[in-house]
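So you know, we letter chains A, B, ... as the sequences are listed, proteins then strands, and number each from 1.
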Protein chains: 2
Amino acid sequence: MLVKDRTKYLLKLNNRLYLFNRLNKLITFLRNKKKITIKDIAEALGITPSAVSKALNDHPRISKQTKIAVKEVAKKLNYQPNNLASALRKGKSNLVGVMIPRTNSNFFSLAVEKIVERLSKEGYNVIIAQSNESFERECKNIESLLLIQVDGIIASMANETTSLEHYEKIKSKGVPLIMFDRWEDELDVDYVGIDDYKSSFLVVEHLKQQNCRRIAHIGGYKHTRIYKKRVKGFKDALKKYELPIDETLISESSLLIEDGRRIMSQLLELPDPPDAVYAAGDFAALGALQVLEEQGVQVPEDMALVGFSNETFTSLVKPSISTINQRSELIGTLAAETFLKRVDDSKWDPKLNKTMIDSELIIRNSSLKTK
Amino acid sequence: MLVKDRTKYLLKLNNRLYLFNRLNKLITFLRNKKKITIKDIAEALGITPSAVSKALNDHPRISKQTKIAVKEVAKKLNYQPNNLASALRKGKSNLVGVMIPRTNSNFFSLAVEKIVERLSKEGYNVIIAQSNESFERECKNIESLLLIQVDGIIASMANETTSLEHYEKIKSKGVPLIMFDRWEDELDVDYVGIDDYKSSFLVVEHLKQQNCRRIAHIGGYKHTRIYKKRVKGFKDALKKYELPIDETLISESSLLIEDGRRIMSQLLELPDPPDAVYAAGDFAALGALQVLEEQGVQVPEDMALVGFSNETFTSLVKPSISTINQRSELIGTLAAETFLKRVDDSKWDPKLNKTMIDSELIIRNSSLKTK
DNA sequence: AACAATAGTTCAATCGATTGAACAGATTAA
DNA sequence: TTAATCTGTTCAATCGATTGAACTATTGTT
């Protein structure tokens, strides 16, 4: 009995001490703005740091009371967990790297936005890196991302990139890698993107409906899978719709404005010029449009024009440019979800996820002859 | 009992699945070599981890021989330092957060590129966050950045933002904060941006030279410092160049395309419409241009037009839009350097750095009457 | 030869959170 | 009454790198 009474007394004392300490801590905090750790919370409550850690992480063996008390004090002290420490211990940084060729493109910008949106819901922080279409930069970025121990990388390849070692390196480190849009077949990774092959069919079908007979294609470099697929789709679609395939009408370039200009000029000088141009990129389409305008060629009457990617400007120029919507938001969300599936042990599956979604043709004035 | 048995069975199954998954992961892991730490290097050389650490960091008390040997082994084992561990110990993550309203804007995209370029030279990794002009998102982003313990934040305010508590929080945590372009005077922080006031002078001077007499201004919201300055500069410039100030010609908006359209329409309906429009944003300028074209108003003959920011499309539309180049690259570089100065203890200076750089007027067809 | 100075390492604590094992006390079962 | 079970917590090791103090050879000085 005596022991019990003494314990009660001690508890009371302890409680008083607790209140006192808490107050003290608060004052100290406000005065020196020092960083609060679980140790401080533990001290304030008269328990150990490990109990605090467990309480904060909802460990089943911690009582409800303690959890509530701990969380309350944590909030009052404005506790911010040290991510570095827990990352070090858990071997998980909660950081995901996203690497894209450029941020100032409608497609990538939207996709990234969705990736961030989805991943932050799961408590991840996203690091955005841009390669500027440069191979070297891409390598460096990957180095950096691995250095800071991201839990995964979601990437889209730079145009310049042909060698894939740096991507292999990610895989060899056991870091999940998800590719979207631009990617190579040889790279055995999860993938999300539109069906480039099918997209070309949409374009050709539409142009055929507009009574176009000779369709030219301004393509991207064939070492990149998506551009190869677009060309393949283009040719197969021509076949399907019984249109002639003329190799002189098919070109390969970086798809910049200048490329569009140069190639369009060349096409116009042909003895038998095309009556429609399908560019695998909007910038090239814009370049082509400029040349057409300069040379007084009527668009779409004399020459129909379709681009690819739905860049912002396509709806702003005159005539507005028909283009393929790659549904960037959906791709972004799916890429994020593929990553989440990959890191979820309970759903671990050796099979790779290859997700192909359907693109959408946006018909604008540059290709709409018939009303 | 039956229930219990079943539970046990399920647990067993679950456990087996878990083990299987783990084994799979282990195999992958082992195949790709385990993670190398300084301990491994130490073991390989028969010295202690601390000696290795010191050798790698070029500590003066370590012999040249040892340093060379350590670095050689490190390279051979493909050692990658654990950033988390060193960050935890040193209290420095080598991460810098950059928060911008949008990535798909020429200005911000270029600025960020330069920031990354400059900071990675100094061994920093950059986290890019976009607020999408949303106040809420901006707050969340700052939370995240602080959570992962960035060494500093370089930011430009969202349009929506009027309250500044979240920025104050950064400061109160002792994390260096550098603002660029969009920023408020009340916020006592380092700053880099163009001289918005002076920029308006450039525009008015140019329009006066083009014989414009009644200049309208499509302004941004005045709660944002830069837009306020542009209006002030505009009025003062009108005074200086002895042009009339007509408040009905000065408006305030979000500077979106629609805003430009709406305001331009209103201006055209005035009994005495202006002969020039100076928009504080390129998108608004574009909207205005669309309306002018639709209504058959000749640009620049009947109405000269100048925008602001040098967005990509300004040089692509017809007529190309005159605009202000904010020298994003320079701003980016300077912002990065301001940060570096701020964290360099040897150059510690309580004085805040406010850097104003001169902008540049790019004269294009939308305002060039005389050749 | 004795001692100080110096170079080159090792030792041990540390950053902050996490986690399995250990332990104490309360409750229930045998 | 004793043993078994369950609950709620503490203990101590750990993640990997860093760092000042301590220690041990080695060299130089007188």
Side-chain angles (χ1 to χ4, degrees), chain A residues 1 3-4 6-8 10-11 14 18 34-71 74 77-94 123 146-149 151, chain B residues 1 4 29 34-71 73-74 77-94 123 146-149 151:
Chain A
M1 284 304 130
V3 174
K4 213 168 182 181
R6 214 183 139 218
T7 311
K8 267 194 181 169
L10 281 177
L11 273 173
N14 201 24
Y18 146 60
K34 106 173 204 208
K35 242 183 204 161
I36 300 297
T37 71
I38 47 168
K39 222 171 147 187
D40 299 308
I41 302 179
E43 226 161 83
L45 286 166
I47 56 176
T48 59
S50 55
V52 173
S53 169
K54 283 176 178 154
L56 290 172
N57 290 308
D58 274 327
H59 191 284
R61 293 279 274 275
I62 296 289
S63 68
K64 253 177 228 160
Q65 288 179 59
T66 312
K67 282 181 188 171
I68 292 171
V70 165
K71 283 174 186 171
L77 291 183
N78 195 19
Y79 167 71
Q80 280 233 323
N82 186 325
N83 206 262
L84 296 176
S86 77
L88 174 60
R89 182 66 233 267
K90 294 203 276 196
K92 192 168 184 282
S93 64
N94 269 329
L146 290 177
L147 190 74
I148 56 174
Q149 336 243 237
D151 291 341
Chain B
M1 280 303 130
K4 210 170 184 181
F29 180 69
K34 73 172 223 198
K35 237 180 207 165
I36 301 296
T37 70
I38 47 168
K39 221 171 148 188
D40 299 308
I41 301 178
E43 228 161 78
L45 285 166
I47 55 176
T48 60
S50 54
V52 173
S53 168
K54 283 174 178 154
L56 290 173
N57 290 308
D58 275 328
H59 192 284
R61 292 280 275 273
I62 296 288
S63 67
K64 254 177 225 161
Q65 291 177 58
T66 313
K67 282 181 187 171
I68 293 171
V70 165
K71 284 174 187 172
V73 175
L77 291 182
N78 197 18
Y79 166 72
Q80 279 231 324
N82 186 326
N83 205 261
L84 296 175
S86 76
L88 174 59
R89 182 64 232 266
K90 294 203 274 197
K92 191 169 185 281
S93 65
N94 269 330
L146 290 177
L147 189 74
I148 56 174
Q149 335 241 235
D151 291 341

Would you tell me if any nitrogen or oxygen in the side chain of [X] comes within less than 4.0 Å of OP1 or OP2 on [N]?
{"X": "Ser50(B)", "N": "dT9(C)", "result": "no"}
{"X": "Asn57(A)", "N": "dA17(C)", "result": "no"}
{"X": "Asn82(A)", "N": "dC15(C)", "result": "no"}
{"X": "Thr48(A)", "N": "dT10(D)", "result": "yes"}
{"X": "Tyr79(B)", "N": "dG16(D)", "result": "no"}

Taking the nucleotide of DNA chain D with the nearest heavy atom to each, does Gln80(B) or Arg61(B) sit closer to the 5' end? Gln80(B)
Without swapping roles, check the side chain of Lys35(A) against the backbone of Gln80(A) for a donor-acceptor pair under 3.5 Å. no
Has Asn57(A) got a side-chain atom pairing as donor or acceptor with His59(A)'s backbone, closer than 3.5 angstrom?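 Checked: no pair found.
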Quick one: [atom1] on [X] to [atom2] on [Y], what's the gap to the nearest 0.5 Å?
{"X": "Asn82(A)", "Y": "Leu88(B)", "atom1": "CG", "atom2": "CG", "value": "6.0 Å"}
{"X": "Asn83(A)", "Y": "Lys92(A)", "atom1": "CG", "atom2": "NZ", "value": "10.0 Å"}
{"X": "Ile38(A)", "Y": "Leu77(A)", "atom1": "CD1", "atom2": "CG", "value": "13.0 Å"}
{"X": "Gln149(A)", "Y": "Leu84(B)", "atom1": "CD", "atom2": "CG", "value": "4.5 Å"}

From [options], nucleotide with atom closest to [X] side chain:
{"X": "Ser86(B)", "options": "dT18(D), dC23(C), dG8(C)", "answer": "dT18(D)"}
{"X": "Ala51(A)", "options": "dG8(C), dT18(D), dT10(D)", "answer": "dT10(D)"}
{"X": "Arg89(A)", "options": "dG16(D), dT19(C), dT9(D)", "answer": "dT19(C)"}
{"X": "Ser63(B)", "options": "dG8(C), dA17(D), dT10(D)", "answer": "dG8(C)"}
{"X": "Ser53(A)", "options": "dT18(D), dG20(D), dA17(C)", "answer": "dA17(C)"}

Using a cut-off of 4.0 Å on non-hydrogen atoms, how would the nucleic acid contact of Pro60(B) be classed: base, sugar-phosphate, or nothing?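 Contact class for Pro60(B): none.
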Under 4.0 Å, counting only non-hydrogen atoms across every strand here, what does Ile47(A) touch: a base, just sugar-phosphate, or nothing? sugar-phosphate
Nearest-Å distance for atom pair [atom1]/[atom2], residues [X] and [N]:
{"X": "Leu84(B)", "N": "dA17(D)", "atom1": "CG", "atom2": "C1'", "value": "11 Å"}
{"X": "Asp58(B)", "N": "dA17(D)", "atom1": "CG", "atom2": "P", "value": "17 Å"}
{"X": "His59(B)", "N": "dT19(D)", "atom1": "NE2", "atom2": "C1'", "value": "7 Å"}
{"X": "Ile62(B)", "N": "dC11(C)", "atom1": "CD1", "atom2": "P", "value": "13 Å"}
{"X": "Leu88(B)", "N": "dT18(C)", "atom1": "CG", "atom2": "C1'", "value": "12 Å"}
{"X": "Lys39(A)", "N": "dC11(D)", "atom1": "NZ", "atom2": "P", "value": "14 Å"}
{"X": "Ile148(A)", "N": "dA17(D)", "atom1": "CD1", "atom2": "C1'", "value": "17 Å"}
{"X": "Ile38(B)", "N": "dC15(D)", "atom1": "CD1", "atom2": "P", "value": "12 Å"}

Lys90(B) (side chain) and dT19(D) (base): donor-acceptor pair under 3.5 Å: no
Ignoring hydrogens and angles, does a donor from either the side chain of Lys54(B) or the base of dG20(D) sit under 3.5 Å from an acceptor on the other?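 Per atom types, the contact qualifies.
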